[in-house]
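Okay, so here's the structure we're looking at.
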Amino acid sequence: MTSKVVSLREAIAANVHDGDTLAIEGFTHLISFAAAHEVIRQGRRDLTLARLTPDLVYDQMVAAGCAAKLVFSWLGNPGVGSLHAIRRAIEAGQLEIEEYSHHGMVARYAAGASRLPFFPLRSYDGSDLAAANPQIRRVSSPYDGEEISVVPPLNPDVTIIHAQRADAEGNVQAWGIVGVQGEAALAARRVIAVVEELVDSSVVRDDPDRTLLPGTVVDAVCVEPFGAHPSFAQGHYDRDNGFYRDWDPVSRDPARLEAWLNEWVRGLDGRAAYVERLGAARVDKLRPDPRPSGSVDYGSYR
Amino acid sequence: MTSKVVSLREAIAANVHDGDTLAIEGFTHLISFAAAHEVIRQGRRDLTLARLTPDLVYDQMVAAGCAAKLVFSWLGNPGVGSLHAIRRAIEAGQLEIEEYSHHGMVARYAAGASRLPFFPLRSYDGSDLAAANPQIRRVSSPYDGEEISVVPPLNPDVTIIHAQRADAEGNVQAWGIVGVQGEAALAARRVIAVVEELVDSSVVRDDPDRTLLPGTVVDAVCVEPFGAHPSFAQGHYDRDNGFYRDWDPVSRDPARLEAWLNEWVRGLDGRAAYVERLGAARVDKLRPDPRPSGSVDYGSYR
Amino acid sequence: MSAATPDELMIAAAAAELAGVRTVFVGIGLPNAAANLARQSVAPDLELIYESGVVGARPTRLPDSIGDPALVSGAAATMSMRDLFGGFLQGGRIEVGMLGAAQIDRWGNLNTTVIGPYESPSVRLPGSGGACEIALNAQRVVVVMNQSRRSFVEPVDFVTSPGQRRPDGSGERPPWAGAGPTAVVTQLGVYHFGPDGEMELAGLHAGVDDETVDAGTAWPMRRAATITRLPEPSAQTLEAIRRLV
Amino acid sequence: MSAATPDELMIAAAAAELAGVRTVFVGIGLPNAAANLARQSVAPDLELIYESGVVGARPTRLPDSIGDPALVSGAAATMSMRDLFGGFLQGGRIEVGMLGAAQIDRWGNLNTTVIGPYESPSVRLPGSGGACEIALNAQRVVVVMNQSRRSFVEPVDFVTSPGQRRPDGSGERPPWAGAGPTAVVTQLGVYHFGPDGEMELAGLHAGVDDETVDAGTAWPMRRAATITRLPEPSAQTLEAIRRLV
C-alpha cells in the first residue's frame, strides 16, 4: 500500500485551491488550526468556508482575507462572545453568508456524503430561518402528504479533519467528540487528515471499531502534534480556554489582529515553530493525566 | 439510577405482546437466539417479524407459529441455502411478506429512529422490487426536480439486540459488526438488550465511544451468556457454522423441526440449560484466543 | 452564607422545572448549573445531554464549553451529531430542552439571530445552533434568560426558535412537534403559558413585585390564576449552586 | 498440479477483471476468492469491503459468511450498515461490486428473487440483499455465475438488480448510476457489453468453443469484435487459488 503521508505544506498546496469550498470540521474538539494557518500562509483566496461553528479558526482565515463566503449554523466565540473579524467582514459587505441550524448543517453533510439530492429534517417550521435562506425548502411525503423541510447536499471540494492518530495507509482513528467529521469527510471530493501521531497499521487493526475514516477515503495524512491548539485533542491536550478568552480583544482590533497573524502564522514556517513559540510551560499545562479506555477482546479466530 | 436488569423471561413477558412488530436485529453477528427462544416458549402469536436477514432465528420462530408477517431484504441460510420453514409458510399462504433491499431496510430503520415520514435512497430504479412492494415510492427533489426512491419508517414495537456488555443503567457496549442495531433500537418503542456480561458502570464510562446505546433508550437488560449461539459474539465465541449447515435437513423436515423445537426450546427453561445441553466440548471449541484491542487515553482533566 | 444572587435564583428556579425529568438537552452556563442541581435534588435519574454528543457526563471540573474534554472522560456515551440530532432529538427522546435567548415574545418565540433587520442587523447574534430544532423536537422547552424591556419584546426581530404561535398570534405548532416552551425563568420570576399559548406570570422571586415585572416586559404581561411566591433557596441549595458555577 | 476446475477458471478470470482496482464490494465464495487473488496479483492496493460493514479485512482463515468474526479481527475498519450503504456505496466510493445471480438476460439484468411469478413462485430465492443498490451505485459491476440455458435466459423472471437496459431493451440507466455490469464471468468464458448495452462474448476459457456458449445461452449471443482465448491459470496462480478456497 502506497503511503499517504505528506507534509501539511504539500497537502494544502495540492488539495486547496483558490475558490474552493473548504470544510475544516470538528465540533469544539479536533479543529485543525494547523491546516488553517497553512492555508493562510499559502495565500488562498475566495474560499467558501463551511463549518457548523466558524470559531476562531475561521475568524483568523477571514481576517487573513482567504474567504468570500461563510456557510454556518452558530457564529460565536463559545462562552466568550463574538467573532469580530467575521462580523466586520459581514458588515462591510465583504463576506457572503448562508445560514442554517446545526441539524440543517449535519443534514447537508449527510446528503453530500450519501449523494442524496436533499435531506429531510423536522426543523424550521414556524422559524424565520427558511425565509432568510431560500435553500431551505419543503417536500411532501408520498405516504401521508405531510410536508417536511429539506436542505440540499453540501459537498466540499476539500474537508480537513484533525484526529488523534492514523496509519500510513490513511486509516484515521479518533476518540471523544466526533461531531460531523465523518459525514463532512465522506461528502468531500478530497480529504486531508491531520493527526497527532502516525502509528503502525497493526495499532489501527487491533481496534477496527475505532476507525473514523478508512484509508480509501483519505487523500493525505499529515502529522502535526498539537495541531488543533487552541482547540483540543482528547487525551493529548486540553482546550486552551484562556486563548479563546484572550482572542476577544485581539479580534476586536484590526491592527492587533494583523500583528497576531504576522507573528503567529505568517512569521512561522509551520506548527512545530508555533508550538515552540507557545513555550513548554503553556504546552505542559494543557497535558491531562492519563485515563485509559481499557482494552476489549476481539478474539483471534483460526 | 434504578437498575434495568431483569430476567429474559420477565423482559419478554413485559415487552413482547401478541400482534407486535418485533425486530431481533444483528447482521450475522449478535443475533439474540436466546430472546427468540423465550418468545417461542411464551407462545407469542401474530407477530410481524422485521429483520434484514430472517436467518435461522426467524425460521425457528415461524416454525413455532409465532409470526403472521415477515419484513425482510435477504431470505436465506447464509452459505447453506434456504430457510425451509419460512418457505413452507409462505407457500402455504400462512405468512405475509413485505420485501426490500438491504439499503431499503436500513433506510426504514433510519427513518423510524429519526421520526422522518420517509427516507430517500438511490435504489430500485430499473428493478422490479418497487412493483412488487407498493410501499416503495418516489419523491421529487425541490432543487432539480430529480425523482428519487423513498421508503417509509419502520418503528418496531420492540427491538431486541444482543451485545457483549452493559451496565445496570442500560448503557450497552458492542464491538465488531454492528449492522443496523443502533437504528433498529432507536426506532423502537421498547428496547431489550441481551448481553454476555453485566459490568460495572466504571467499565462503560472508561470508554464512552464504545457505547452503542445509552441507558436512556434501553428498557431492559438481560444477562444471557452464549445467548447469541449459533450466531456469534466477537471476542466471546465463534459463529457455529456447523449448526447453520446442520439446520438445513432439520428445517426441511417439519417433524424433525418440531422435535428440535421441543428438545432445544420448549423442553428447556432458558439459555443456561441450552448451553448445558450443547456441552462443554462444543462451547469450548467456539472460544477464540485473545486478541486485545489495546487501550487509548481519554485523559483525566481537572 | 450571603443572600442569593439573581443568577442563583434563576438556577434554583430552573432546577425546579426539571423535577422527575430523565433527559435534558443543556448548554453551558446557567442551564448546565440548573441541570446539575436538579440531578442532585429533584431529578436523581437525570442524564445531561450536550449538543456536542456527550450523554451522561460526570465532569470532574466545571465545563468551559459544551465540548469540554472533561465532559467526555467518564461519560456514559458519545454520539455523532447526526445520531444526536436525528435519532435522539428528532426521535423524540429528549424530554426537556433548555434554551436561552436575546429576545422572547409573549408566545415564547426566541431570537438568537439578529437585532434589527436580517439583511442589515444592528447586532449580529450567533444564530440558531441547535436551538431551532430543540424548540421543535424536545418534548418541552424551559427558557432561561435575563428579563428587561429589551429582551421581553413584541415582536421579536427574528424568530430563531418557534414558540406557541407565530409572533402575530396566528398559527399553531406542527402536530409532530413537542409542547414547546412551557416555562420561562428570569431573574424576576417564572412564567408559564396559558391554554391559548400566551405567556403568563406564574411565580415571583423573593423581593420582586408585579410592578417590576411589568416594567421589565414590553407588552401587558398576563397573570396566571395563582401566582406563587418562589421559595428562597435554602442554605444547602445555595451551597450546592456555588459548587456548580 | 491437477488441471484447473471450472470454478478455478472463473476465479482467475474474475480476478483479472479487478486489475488496478482499489475498492471492491464482495460476498463469500467465488467473488471472495477472486478478490483475494487479485490483491495478491493484479490489484495490490485492493481493499475488500463486505456487506457486513468490514473494510480491509485480513482474515486468518477462510470466511464462512460475510459476517465471519475472522473478517473483523485485524480489519482496517468496521462501519454500520447505514454508513456502508449510504456514505460508501451510495456515495460512489465503491469501484467494483461483485454479484452472482440465478438468472441473467442479455442486458445484464440479474434475478435473485424468484423463479416463476412473484406472487406464486416455483422457487423462492433469497432476494436482493444489497444487490439492487450495488448494481446501481458501484462504479461498475462484475457478475460471476454459472452459465446454462436455465441461467442465461430471456426474459429474467424478475429484475432484482438492474442491468444496462430494461428486459425489453428499452430505457437507460439513471444519470447518477454507475456503469452497471461491464463483465460477466462464467465457467465458459467472459462477456462484456457493447455500446448499446447488449452482452457479447469477449473471451473463452481453455477447451471451450463458441458452440458450447450458444448451447448455454437462451438467446443468440452476440460476439465481440475480437474474442480472446483466456490464459490458463499458471501453476502459481492455481496454487494461490487453492489456498483461498
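None of the values given here were measured: they were computed from a predicted structure. Residue numbers begin at 1 in each chain, while the letters A, B, ... track the order of the sequences.
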query = Any donor-acceptor pair under 3.5 Å linking the side chain of D:N137 with the backbone of D:E133?
reply = yes
key: Heavy-atom side-chain contact between B:P54 and B:L49 under 4.5 Å   = no
ask   = Is it the side chain or the backbone of B:E146 that comes within 4.5 Å of chain D heavy atoms, both, or neither?
value = side chain
query = Given a strict heavy-atom distance threshold of 4.5 Å, which part of B:H29 is in contact with chain D: side chain, backbone, both, or neither?
reply = neither
remark   = If one checks every heavy atom of D:S52 against chain B at 4.5 Å, the contacting part turns out to be both
task = Measure D:R166 against the heavy atoms of chain B and call it side chain, backbone, both or neither at under 4.5 Å.
result = side chain
query = When only pairs under 4.5 Å are counted, which of B:L75, B:T28, B:T53 shares the most heavy-atom pairs with chain D?
reply = B:L75
query = With respect to chain B, which residue among D:V54, D:T78, D:I66, D:D64 yields the maximal number of heavy-atom pairs within a distance under 4.5 Å?
reply = D:D64
ask   = For the candidates D:P175, D:P167, D:A70, D:G74, which exhibits the highest count of non-hydrogen atom pairs separated by less than 4.5 Å from chain B?
value = D:G74
note = By residue number, those in residues 118-132 of chain B with heavy atoms under 4.5 Å from heavy atoms of chain D are B:L121, B:R122, B:S123, B:Y124, B:D125, B:G126, B:S127, B:D128, B:L129, B:A132
note = Residues of residues 226-235 of chain B with a heavy atom under 4.5 Å from any heavy atom of chain D, in residue-number order, are B:F232, B:Q234
Is the shortest distance from a Lys or Arg side-chain nitrogen in [X] or [Y] to a carboxylate oxygen in the other one below 4.0 Å?
{"X": "D:D68", "Y": "D:R61", "value": "yes"}
{"X": "B:E147", "Y": "B:R137", "value": "no"}
{"X": "B:E99", "Y": "D:R124", "value": "yes"}

